[in-house]
Amino acid sequence: MKTIKVSLQYSLNSITTPLVSNLIRKFNVEVNILHANISLNKIGTLIADITGNDQDIQDALDYIENQDGIRYKLFNKKLIWQEEDCVHCGACTAVCPSNALTMNKDTWCLEFSKEKCLVCGLCAKACPLNVMSLQA
Ligand code: SF4
Ligand code: SF4
């Protein structure tokens, strides 16, 4: 079993495709939606983790590729936090869209939830000490 992180791009009028439920039903994969910005008559984005065995994941990706108006992009990078150099200023939490970065209210130290991270890189731009970075 492995987990991949994908960004799905929906073109105009393509969101009526029941993509996520079809992936789960047809390919025996788990789909964990991390972020979705989708509404009728607009282009949309959905970011999700897909978990399954290698073949099922590949079949699921091939299925997405064949859907009219829907494209996917794999996240090949991951966020690296050099925790020992972090001064816990909290600047990165203000830009994180998924609450993957939060301040612990008791210790006032930064906490990072890898599972919630969308690998968007906004925190890396916001960090004044460059202790956040995206790496392949
Ligand atoms: S912005 Fe940088 S230094 Fe500040 S809490 Fe975030 S990672 Fe740490
Ligand atoms: S890359 Fe940084 S800002 Fe983006 S979701 Fe992950 S932790 Fe949050």
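Whatever order the structure lists ligands and atoms in, that order sets their numbers, starting from 1.
Atom numbering of ligand 1 starts at 1 in the shown order; those under 4.0 Å from a heavy atom of Cys86 are 3 (S), 5 (S), 7 (S), 8 (Fe). The distance from ligand 1 to the heavy atoms of Cys127 drops below 4.0 Å at these ligand atoms: 1 (S), 2 (Fe), 3 (S), 7 (S). Taking every non-hydrogen atom of Ser98 and a distance limit under 4.0 Å, the qualifying atoms of ligand 2 come out as 5 (S). Interface atoms of ligand 1 facing Pro128, defined by a heavy-atom separation under 4.0 Å, are 1 (S). Close contacts between ligand 2 and Leu79 involve ligand atoms 2 (Fe), 7 (S) [criterion: under 4.0 Å to a heavy atom]. Which parts of ligand 1 touch His88 is read off a 4.0 Å heavy-atom cut-off, strictly below it: atoms 5 (S), 8 (Fe). Residue Met132 has at least one heavy-atom neighbour below 4.0 Å for each of these atoms of ligand 1: 7 (S). Remark: ligand 2 atoms within the under-4.0 Å shell around heavy atoms of Leu101 are 7 (S).
Contact of the Ile64 side chain with the Leu8 side chain is registered, since non-hydrogen atoms from C-beta on lie closer than 4.5 Å.
For Asp68, the CG atom is loosely surrounded, since the number of other residues' heavy atoms within 6.0 Å does not exceed 12.
Remark: the backbone N or O of Asp62 is paired with a side-chain donor or acceptor of Asn66 at under 3.5 angstrom. A donor-acceptor pair under 3.5 Å is formed between the side chain of Arg71 and the backbone N or O of Glu65. Not a single donor-acceptor pair under 3.5 Å links the side chain of His35 to the backbone N or O of Ile47. The main-chain N or O of Lys116 is found under 3.5 Å from a side-chain atom of Ser98 such that the two form a donor-acceptor pair.
Here the closest non-hydrogen pair linking Cys92 and Ala126 is CA-CB, 4.5 Å. Closest non-hydrogen pair, Ala48 versus Ile33, comes out as CB-CA, 4.0 Å.
Residue contacts with ligand 1, taken as heavy atom pairs separated by less than 4.0 Å, involve Val131 solely via side-chain atoms from C-beta onward. Under 4.0 angstrom from ligand 2, the non-hydrogen atoms of Cys117 come from both its backbone and its side chain.
Scanning the protein heavy atoms around atom 8 (Fe) of ligand 2, the nearest turns out to be Cys96 SG, 2.4 Å. For atom 4 (Fe) of ligand 1, the closest non-hydrogen atom on the protein side is Cys89 SG, 2.3 Å. Scanning all protein heavy atoms for the shortest distance to atom 6 (Fe) of ligand 1 gives Cys92 SG, 2.3 Å. Leu118 N, 3.2 Å is the protein heavy atom nearest to atom 5 (S) of ligand 2.
A heavy-atom separation below 4.0 Å is not found between Cys123 and ligand 1. Residue contacts with ligand 1: Ala126 is excluded, as none of its non-hydrogen atoms falls under 4.0 Å.
Below 30°, between 30° and 60°, or above 60°: for Phe27 and Tyr63 the angle between ring planes is between 30° and 60°, a tilted geometry.
Side chains of Glu111 and Ser113: a donor-acceptor N/O pair is absent below 3.5 angstrom, by distance only.
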